[in-house]
*Asks:* 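Okay, here's the structure, questions in a sec.
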There are 2 protein chains.
Amino acid sequence: MDRLERVMPIGSLAERTGVKVETIRYYEQVGLLPPPERSEGNQRRYGRAHAERLAFIKHARDLGFAVENIRTLLRLSDTPGIACDEAHAISVAHLQEVRDKIAKLRSLEKELERIATTCSGGVAACDCAIIEALADHGQCSHAHH
Amino acid sequence: MDRLERVMPIGSLAERTGVKVETIRYYEQVGLLPPPERSEGNQRRYGRAHAERLAFIKHARDLGFAVENIRTLLRLSDTPGIACDEAHAISVAHLQEVRDKIAKLRSLEKELERIATTCSGGVAACDCAIIEALADHGQCSHAHH
DNA sequence: CTGAAAGCTGTAGGAACTACAGCTTTGGAG
DNA sequence: CTCCAAAGCTGTAGTTCCTACAGCTTTCAG
């Protein structure tokens with residue numbers, strides 16, 4: 001089906017993968033995506049392999065993996081057989097990061113709820129509960145380090 | 001009690017508030033913190049008002065408010081009486097952002113759990129489930145935009 | 001009085017892009 | 001075949017929120 005339209009310019013790749021043109025060029029620049037063939041006029045021409053690799057990158061970025069970690073994961077995926085341990089370690093560490101972030105955001109959510117509902121938006125009612133809450137560290141649950 | 005030691009150099013302010021020296025100078029540079037008095041030798045000398053304002057900034061940053069929003073909140077807190085509406089709007093908008101972020105992270109958590117447990121870290125068992133999961137967008141719950 | 005610690009300015013870096021400016025190439029319409 | 005707008009190119013600068021020098025000067029405890 002796509003046997004005949006196998007190569008595409010950067011714009012089409014961008015459209016297909018949902019990664020912006022500039023970002024694709026950036027990934028090439030930092031070595032995440034290998035430099036593709038070029039047309040006579042020096043324009044990038046991508047094939048299936050590039051599209052797949054970019055999809056991998058996009059997916060991992062959407063999951064919040066750092067570019068450095070993605071670099072490692074890509075290296076591992078290029079190494080056949082070995083090195084699953086390392087991929088596992090990266091994922092587990094990242095999962096932990098995500099969980100920590102969630103916990104932190106939950107506590108922020110609580111405090112923001114408290115702050116936002118205390119002052120309901122009227123002019124007369126407060127002066128101003130939100131600003132006071134932010135000024136006064138005492139009321140909130142954050143511990144001093 | 002602190003009647004006599006009312007002014008302090010930047011290092012002490014940093015220690016008290018938990019904000020790094022460089023960051024304090026940065027806040028001054030971008031106009032969040034007003035320029036303090038200087039000593040004969042041109043060093044910054046901070047008083048109580050500065051410490052309070054910086055605490056406000058720190059607290060808001062810890063809550064994830066963007067510097068731009070903090071700038072607005074500070075402007076409001078300098079305006080007596082009026083403008084509670086705006087502070088309320090900023091907080092509510094920020095609360096919504098936080099909630100969205102939490103929701104997104106939860107779905108990432110689920111997918112990472114799935115990915116990380118599929119491949120338990122052995123070498124023989126997979127080749128490699130994590131990498132396949134990242135390469136293959138089909139299995140995950142993210143909708144195409 | 002001295003000298004190590006702390007402060008100063010100004011600039012560069014970092015993460016992960018995004019957005020120009022000023023050009024060249026491409027590919028479909030006429 | 002010719003034209004020209006859209007898309008691509010390179011290279012640089014901007015974004016956000018700091019952090020980290022380098023190369024000085026000031027401070028204040030011993």
Side-chain angles (χ1 to χ4, degrees), chain A residues 4-5 7-33 35-47 50 54 56-74 90 94 97 101 104 108 145, chain B residues 4-5 7-33 35-47 50 53-54 56-74 90 94 97 101 104 108:
Chain A
L4 293 172
E5 45 110 15
V7 309
M8 55 189 155
I10 197 167
S12 312
L13 182 64
E15 208 175 328
R16 275 191 192 201
T17 56
V19 178
K20 290 190 181 166
V21 167
E22 294 88 348
T23 306
I24 295 175
R25 286 196 284 244
Y26 169 75
Y27 286 157
E28 182 182 328
Q29 197 187 305
V30 299
L32 279 192
L33 204 56
E37 309 281 306
R38 298 287 184 124
S39 72
E40 299 254 317
N42 200 36
Q43 296 192 357
R44 290 169 181 83
R45 289 300 119 102
Y46 294 96
H50 278 99
L54 184 56
F56 182 110
I57 295 168
K58 165 95 162 87
H59 194 185
R61 282 297 296 141
D62 283 350
L63 287 170
F65 282 88
V67 164
E68 259 320 293
N69 285 338
I70 297 176
R71 204 190 300 282
T72 304
L73 289 171
L74 282 168
I90 289 172
H94 186 53
E97 273 172 35
K101 232 181 248 173
K104 210 174 152 206
L108 300 192
H145 63 132
Chain B
L4 293 172
E5 44 111 17
V7 310
M8 56 189 154
I10 197 167
S12 313
L13 181 64
E15 210 176 326
R16 274 191 193 200
T17 56
V19 178
K20 290 190 180 165
V21 168
E22 295 87 347
T23 306
I24 295 175
R25 286 196 284 244
Y26 168 75
Y27 286 156
E28 182 182 329
Q29 197 187 305
V30 299
L32 279 192
L33 205 56
E37 309 281 307
R38 297 288 184 123
S39 71
E40 298 254 317
N42 200 37
Q43 296 192 356
R44 291 170 181 82
R45 290 298 121 105
Y46 295 96
H50 278 100
R53 196 176 176 100
L54 184 55
F56 182 109
I57 295 167
K58 165 97 161 86
H59 194 186
R61 282 296 297 140
D62 283 350
L63 287 171
F65 282 89
V67 165
E68 258 320 291
N69 286 335
I70 296 175
R71 201 189 304 281
T72 304
L73 290 171
L74 282 168
I90 290 171
H94 186 52
E97 272 171 34
K101 235 181 245 173
K104 210 173 150 203
L108 300 192

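The basis for the numbers below is simple: all heavy atoms, side chains too, and nothing from hydrogens, waters or symmetry mates.
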*Asks:* Can you tell me how far P of dC21(D) sits from CZ of Arg25(B), to the nearest Å?
*Replies:*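 Taking CZ of Arg25(B) and P of dC21(D), I get 14 Å after rounding.
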*Asks:* Given dT27(D), is OP1 or OP2 found less than 4.0 Å from the side-chain N or O atoms of Ser39(B)?
*Replies:*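 Answer yes for this pair, as a side-chain N or O of Ser39(B) is under 4.0 Å from OP1 or OP2.
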*Asks:* Please give, in whole Å, the distance from dG14(C) P to Tyr26(B) OH?
*Replies:*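 In whole Å, dG14(C) P and Tyr26(B) OH are 18 Å from each other.
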*Asks:* Can you work out whether Tyr46(B) or Arg45(A) has the more 5'-proximal nearest nucleotide on DNA chain C?
*Replies:*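 Nearest nucleotide further toward 5': that of Tyr46(B).
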*Asks:* Rounded off to whole Å, could you give me the CD-to-C1' distance for the Glu22(B) and dA22(D) pair?
*Replies:*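 Computing the Glu22(B):CD to dA22(D):C1' distance gives 13 Å.
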*Asks:* Given dG7(C), dC9(D), dA20(D), identify the nucleotide with an atom nearest to the side chain of Ile10(B).
*Replies:*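 Output: dG7(C).
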*Asks:* Find out whether Tyr27(B) and Val19(B) are in side-chain contact, i.e. whether some heavy atom of one side chain is under 4.5 Å from a heavy atom of the other.
*Replies:*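 Touching, per the 4.5 Å side-chain cut-off.
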*Asks:* Whether Arg61(A) contacts dC17(C) is assessed here as follows: a side-chain N or O lying under 4.0 Å from the phosphate OP1 or OP2. Is that the case?
*Replies:*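 Yes, Arg61(A) has a side-chain N/O under 4.0 Å of OP1/OP2 on dC17(C).
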*Asks:* Any side-chain N or O of Tyr27(B) below 4.0 angstrom from OP1/OP2 of dC18(D)?
*Replies:*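 Answer yes for this pair, as a side-chain N or O of Tyr27(B) is under 4.0 Å from OP1 or OP2.
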*Asks:* Send over the distance from Glu28(A) CD to dC9(D) P, rounded to a whole Å.
*Replies:*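 In whole Å, dC9(D) P and Glu28(A) CD are 9 Å from each other.
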*Asks:* OP1 or OP2 of dA16(C) sitting under 4.0 Å from any side-chain N/O of Thr23(A)?
*Replies:*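 So the side chain of Thr23(A) is outside the cut-off, no N or O lying under 4.0 Å from OP1 or OP2 of dA16(C).
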*Asks:* Before accepting this row, confirm whether a basic side-chain N of the pair Arg44(A)/Glu37(A) lies closer than 4.0 Å to the acidic partner's carboxylate O.
*Replies:*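 Salt bridge flag = no for Glu37(A) with Arg44(A).
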*Asks:* Taking CD in Glu22(B) as the centre, count heavy atoms belonging to other residues, nucleotides or ligands within less than 6.0 Å. Is the count above 12?
*Replies:*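 Yes, CD of Glu22(B) has more than 12 neighbouring heavy atoms, counting only those of other groups under 6.0 Å.
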*Asks:* Expressed as a whole number of angstroms, how long is the span from Glu37(B):CD to dG7(C):P?
*Replies:*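 Result: 18 Å.
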*Asks:* Starting from P on dT16(D), measure out to CD on Gln29(B) and report it in whole angstrom.
*Replies:*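 Interatomic distance, CD of Gln29(B) to P of dT16(D): 14 Å.
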*Asks:* Which whole-number value in Å describes the distance from Asn42(A) CG to dC23(C) P?
*Replies:*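 Whole-Å distance recorded here is 17 Å.
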*Asks:* With the threshold set at 4.0 Å, does a side-chain nitrogen-carboxylate oxygen contact exist between Glu68(A) and Arg71(A)?
*Replies:*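 The answer is yes: the pair qualifies as a salt bridge.
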*Asks:* Starting the side chain at C-beta, find the nucleotide from dC8(C), dT27(D), dT19(D) nearest to Arg44(B).
*Replies:*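 The closest nucleotide is dC8(C).
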*Asks:* dC8(C), dT27(D), dC18(D): which one has an atom nearest the side-chain heavy atoms of Val67(B)?
*Replies:*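 Side chain of Val67(B) sits closest to dC18(D).
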*Asks:* Output the rounded distance in Å from CZ (Arg38(B)) to P (dT25(D)).
*Replies:*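 Atom CZ in Arg38(B) sits about 16 Å away from atom P in dT25(D).
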*Asks:* Taking the side chain as C-beta and beyond, is there a heavy-atom pair between Lys58(B) and Thr17(B) under 4.5 Å?
*Replies:*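 Not in contact.
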*Asks:* Side chain of Gln43(A): nearest nucleotide among dC17(D), dG8(D), dT27(D)?
*Replies:*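 Nearest listed nucleotide: dG8(D).
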